[in-house]
Amino acid sequence: DEFVVLRPETSAAQACLVSGRILQALSGQPIDEHGIVSATFGVATTDDDGSQIDQDELLRRADHALLCGKRAGKGRVLHFDDCPVALPEK
């Protein structure tokens, strides 16, 4: 399952910190007889230079960061700017 958390007026550092706290709270929690919770967070923020991106692009970047994080190994927080793989063209 995938979920979105929106935090207006939040810096990249703050968004990663909050995501890390959620990850810590969730990780290792039991899920009935099916195992334990694991999570990976893809974080994207509007550009620090003040330019705006639309919500579709923001979600696209977050999804890309999530996929990069999963490829690097589950149980982590990865910001879009730290993805080792470039975002594919639309």
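Remember, predicted model here, so these are calculated numbers, not experimental data.
Arg76 places a side-chain N or O within 3.5 Å of a backbone atom of Ala72 that can act as its donor or acceptor partner. Looking only at distances, no side-chain donor or acceptor of Asp32 sits under 3.5 Å from a matching main-chain atom of His34. Between the side chain of Thr40 and the backbone N or O of Gly75 there is at least one donor-acceptor pair closer than 3.5 Å. Judged by distance alone, the side chain of Thr10 and the main-chain N or O of Pro8 form a donor-acceptor pair under 3.5 Å.
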Just do the side-chain hydrogen bond (donor to acceptor under 3.5 Å, both in side chains) check on Thr45 and His79 with the steps written out, would you? CA-CA 8 Å; Thr45 52; His79 190 278; 3.1 Å; yes
Evaluation steps, side chain to side chain contact (heavy atoms under 4.5 Å, CB included), between Leu59 and Val4: CA-CA 9 Å; Leu59 286 173; Val4 173; 4.0 Å; yes
Evaluate Ile36 against Gln29 for side chain to side chain contact (heavy atoms under 4.5 Å, CB included), listing each step before the verdict. CA-CA 5 Å; Ile36 59 172; Gln29 295 296 319; over 6 Å; no
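When all heavy atoms are compared, the tightest approach of Ala44 to Ala62 is CB-N, 3.5 Å.
With rounding to the nearest 0.5 angstrom, the OG1 atom of Thr46 is 13.0 Å from the CD atom of Gln55. Between atom OG of residue Ser27 and atom CD1 of residue Ile22 there is a gap of 11.0 Å, rounded to the nearest 0.5 Å. Distance check, rounded to the nearest 0.5 Å: CD of Gln14 to OG of Ser11 gives 3.5 Å.
Follow the hydrophobic side-chain contacts under 4.5 Å out from Leu23 and you reach Ile31 in the same cluster. Hydrophobic cluster membership differs between Val5 and Val18, with clusters built from Ile, Leu, Val, Met, Phe, Trp and Tyr side chains linked at under 4.5 angstrom.
Side-chain atoms of Cys83 and Leu78, non-hydrogen and from C-beta on, do get closer than 4.5 Å to each other. Counting heavy atoms from C-beta outward, Val43 and Val77 have side chains that approach closer than 4.5 Å. The shortest distance between side-chain heavy atoms of Phe41 and Leu66 does not fall below 4.5 Å.
Taking Glu57 as the reference, Arg60, Arg61 meet the side-chain hydrogen bond (donor to acceptor under 3.5 Å, both in side chains) condition, with sequence neighbours excluded.
Through side-chain heavy atoms spaced under 4.5 Å, either directly or across other Ile, Leu, Val, Met, Phe, Trp or Tyr residues, Phe80 is tied to Leu87.
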